[in-house]
Amino acid sequence: RVRPCQDTRRMRFVSTRGGAGTASFEEVISRGYAPDGGLYVPEALPRLTLDELQRWRGLNFADLAETLFLLFVGSELGGHDELRRLVHCCYEGFSCKEIVPVRRVGGLHVAELFHGPTFCFKDLGQQPLVRMLAHFAKQRGIRRTMLVNTTGDTGPAAMRAVTDSGSSNLDILVFFPQGQISDLQRRQMTTVASDHAQVSAFEGGGDDMDLPLKRLAADRQFAAKHGLCGLNSYNLGRPLAQTVHFFWTYFRTLEQRGLNVGAQVDVVVPSGALGNLSAAYMAKKMGLPLGRLVAATNSNDITHRTISAGEFHRSQRMEKTLSDALNIQVPYNMERIFYYLTGEDHSLVSTWMQEMEHSGQLNLPAPWLTKMQEEFSSSRVDDQAMCAAVRTAVEQHGYLADPHTAVALAAAGRLYGEEGNISKVPAVVMATASPCKFEVALTEALGAERWSAYLASTDFPKEARAVLSASEGPCGLLKSQGSLVDSQDAWEAEVRRLLTDRAPDSSGGGGKSH
C-alpha cells in the first residue's frame with residue numbers, strides 16, 4: 001500500500017470565483033455548484049514528485065484510485081479503511097480486470113474507459129461520487145435527491161451508480177433531450193424499475209436543462225428542503241475521480257513505449273462539457289507529466305473556437321450530430337480550465353464568467369489565448385470526418401470505435417498523422433464509450449450489414465443486448481414553450497412540482513419517496 005504524499009486531514013475547497021469561503025469535501029460534493037455560482041476546486045492541489053509517481057506506477061487501478069482519493073478526502077469518510085472499502089467496491093461491476101486497458105491502434109494508444117456497467121467513461125466518475133454521497137447521507141440520516149441532465153451517458157451511469165449503492169437515502173431524477181440520445185442509452189434509463197428513479201425527456205438542446213437545474217440548486221431553502229444534489233461534472237467529485245484514469249493511462253503508455261516516469265505523453269479527449277479535459281488539466285497541475293491536452297469537438301465547437309481563436313461564444317443553435325454526447329453549447333468545466341490557466345485567479349475568473357453569463361460571449365485577451373495555446377490544442381470534427389475515422393480504424397487496424405472516440409481519432413490523425421508520429425511524444429486517445437451504444441452512427445459510418453454482424457458477434461456485450469430486449473417503463477416529457485427562456489422557466493417550475501410531489505413530508509427523513 002502506498003502512503004499519501006502529504007497530510008490531507010484538513011483539505012479544504014474553494015469556489016473558482018472566490019466568493020464562497022472554504023468547504024469540506026462532503027459539503028462540496030453535496031452542493032455541486034458553489035453558493036456564488038462558481039465551481040469548487042481544491043484550495044491547493046497536491047504536488048507530486050517523480051519519486052512519488054514512480055512508486056504509484058506499480059499500483060492496480062483500485063489502489064491507485066484509493067491513493068488519489070486519500071489526497072482529497074482525508075479522514076472525512078471515517079478513516080482509511082472505510083475509504084478503501086468504498087473505493088474498491090466501485091470497480092466490482094467492470095468487465096475488464098485492468099478496469100482501463102490501453103491498446104495500440106496503429107501508432108496511437110487508446111485508453112478504453114468504457115468497461116464499466118453502462119459501457120462509458122461516466123461509470124469511472126459516478127460510481128465513486130454516488131457511493132460517497134450515499135455514505136454521507138446514511139451517516140447523517142438524510143435523503144438526497146440527485147438531479148441529472150444527460151446528453152446520453154451521464155444519466156445511465158448515475159442511475160446505475162444509485163442502484164449499485166443499495167442506498168435507500170438516494171433518489172434520482174434524470175432529464176435528456178428528446179430524440180438526441182441513442183436507443184440503448186434511453187433504454188438504459190427507462191428499463192430501470194425503482195421507486196427511487198424517474199426519467200423525463202425535454203424538447204430542447206443537450207445542455208438547455210442546465211440553467212433550470214442550476215437555478216434550483218441556487219435556491220438554497222428549496223435545495224436544502226429536498227436534499228438536492230447534482231451529479232453532472234460541475235460536481236467536483238466527478239473530475240477528481242476521473243484524474244485516476246489519466247494517471248493510470250500515463251503509466252501504461254510508458255510501459256508500452258519503454259519510457260521512464262517523467263517522459264511526456266499527450267492526450268486527445270472527446271470534449272463536451274469538459275469534465276474529462278479538466279480532470280486531465282488538474283492531473284497535469286498536480287505533476288503528472290502530460291504534454292499537450294487536445295480537445296476534440298464535433299460541430300458544436302465552442303471549445304475549439306475558444307482554444308483556436310479565444311472566442312468563448314455560445315452558438316445561436318445546437319447542431320444535431322451523430323456524436324450526441326458532445327453536443328454542448330456552453331461547457332461548464334471551461335470555468336475550471338480558466339481557473340488553472342490564470343494561476344488560480346478568482347477575481348479574473350469571476351469577471352470572465354459574469355461577462356459570459358450576461359452576454360453569452362467572452363473574448364480571451366491575447367496574452368491568455370497565447371497561454372492557452374501553449375497547453376491545449378483542438379480540432380473540430382464534423383460527422384463526415386467522424387464516419388471516415390470509424391472506417392479507417394476498422395479497415396486499417398481492425399478496431400471498432402464509437403462515434404465520440406472516432407471524433408478524437410480524427411483529431412489525432414490531423415495533429416499526429418494516421419500513424420501517430422511514433423518517434424515523437426506518445427499520444428493517447430481517450431475512448432469514452434463502447435460502440436454497442438450507437439447503432440445509428442455506426443450504421444451511417446459502416447453500413448447496416450457490418451452493424452448487424454457486430455450485433456450478432458460475441459464482441460457485443462450480452463448485458464447491452466439484454467437492455468435492448470427489456471420492457472421500457474414510463475418516461476415524462478417537458479415540452480418546449482417556444483423561446484428557450486420561456487421553456488427554461490416552465491421546465492424549472494415543472495421540476496419544482498415533481499420534487500414537491502415526490503417528497504413524503506418536509507422532515508428531511510430517510511424514508512422512501514413513494
Side-chain angles (χ1 to χ4, degrees), residues 4 7-14 20-35 40 42-43 62 65-93 125-148 157-173 194-197 217 220-232 234-241 244 499 502-514:
D7 183 356
T8 59
R9 288 174 295 177
R10 296 185 179 181
M11 171 69 80
R12 303 291 288 176
F13 302 85
V14 296
T22 64
S24 67
F25 182 80
E26 178 185 359
E27 290 169 332
V28 164
I29 65 170
S30 298
R31 292 172 183 167
Y33 285 107
Y40 277 114
E43 189 172 33
E66 174 195 345
T67 304
L68 274 162
F69 269 116
L70 187 60
L71 300 179
F72 300 100
V73 180
S75 59
E76 283 196 52
L77 284 168
H80 194 167
D81 288 343
E82 178 61 20
L83 174 65
R84 180 175 178 81
R85 183 199 66 77
L86 186 151
V87 170
H88 281 250
C89 285
C90 293
Y91 308 110
E92 291 177 350
Q126 294 291 9
Q127 288 283 338
L129 173 58
V130 168
R131 288 174 188 270
M132 289 180 186
L133 287 166
H135 172 92
F136 289 128
K138 180 179 179 181
Q139 191 176 58
R140 298 193 178 279
I142 61 175
R143 281 184 36 226
R144 287 281 179 207
T145 300
M146 318 296 183
L147 297 181
V148 177
M159 292 182 74
R160 177 59 183 261
V162 169
T163 301
D164 286 351
S165 75
S167 174
S168 61
N169 299 80
L170 303 183
D171 292 336
I172 184 168
L173 276 68
S194 171
D195 288 341
H196 294 275
R220 300 186 69 174
Q221 183 176 357
F222 185 83
K225 177 180 179 181
H226 295 279
L228 300 187
C229 176
L231 297 181
N232 289 89
Y234 58 78
N235 189 313
L236 181 61
R238 283 272 306 280
L240 286 185
V244 179
L499 290 165
R502 288 178 65 87
D505 54 49
S506 59
S507 65
K512 292 180 71 173
S513 57
H514 291 298

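Atom set for the values below is all heavy atoms of this structure, side chains included, hydrogens, waters and symmetry mates excluded. Quick caveat: nothing in here was measured; it's all calculated off a predicted structure.
- Residues passing the side-chain contact (heavy atoms from CB on, under 4.5 Å) test with Ala241 are Phe69, Pro128, sequence neighbours excluded.
- Listed by chain and residue number, Glu82, Cys89 satisfy the side-chain contact (heavy atoms from CB on, under 4.5 Å) test with Arg85 (two or more places apart in sequence, or in another chain).
- Taking the salt bridge (charged side-chain N to carboxylate O under 4.0 Å, His left out) definition, one finds that Arg140 meets it with Glu26, sequence neighbours left out.
- For the side chain to side chain donor-acceptor pair (under 3.5 Å) test, no residue two or more places apart in sequence or in another chain qualifies with Tyr234.
- Qualifying side chain to side chain donor-acceptor pair (under 3.5 Å) partners for Arg12, counting only residues two or more places apart in sequence or in other chains: Thr22.
- The shortest non-hydrogen separation linking Leu231 to Arg238 is O-NH1, 2.8 Å.
- Qualifying side-chain contact (heavy atoms from CB on, under 4.5 Å) partners for Ala223, counting only residues two or more places apart in sequence or in other chains: Leu228.
- Take Ala23 and apply the side-chain contact (heavy atoms from CB on, under 4.5 Å) test, not counting sequence neighbours, and it matches Glu27, Val28, Arg31, Tyr40.
- Side-chain contact check for Cys229 versus Leu133: some heavy-atom pair is nearer than 4.5 Å.
- In this structure the side chain of Ile142 never reaches within 4.5 angstrom of the side chain of Asn169, judged on heavy atoms.
- Remark: Gln127 engages Arg131, Asp164 in a side chain to side chain donor-acceptor pair (under 3.5 Å) (not counting sequence neighbours).
- The side chain to side chain donor-acceptor pair (under 3.5 Å) check on Glu43 picks up nothing, with sequence neighbours excluded.
- Residues meeting the ring-ring contact (aromatic ring centres under 6.0 Å, His included) test with His135, sequence neighbours left out: none.
- Separation of atoms OG1 (Thr145) and NZ (Lys225) is listed at 12.0 Å; rounding is to 0.5 Å.
- Between Ala137 and Leu170, the shortest heavy-atom distance links the atoms CB-CD2, 4.4 Å.
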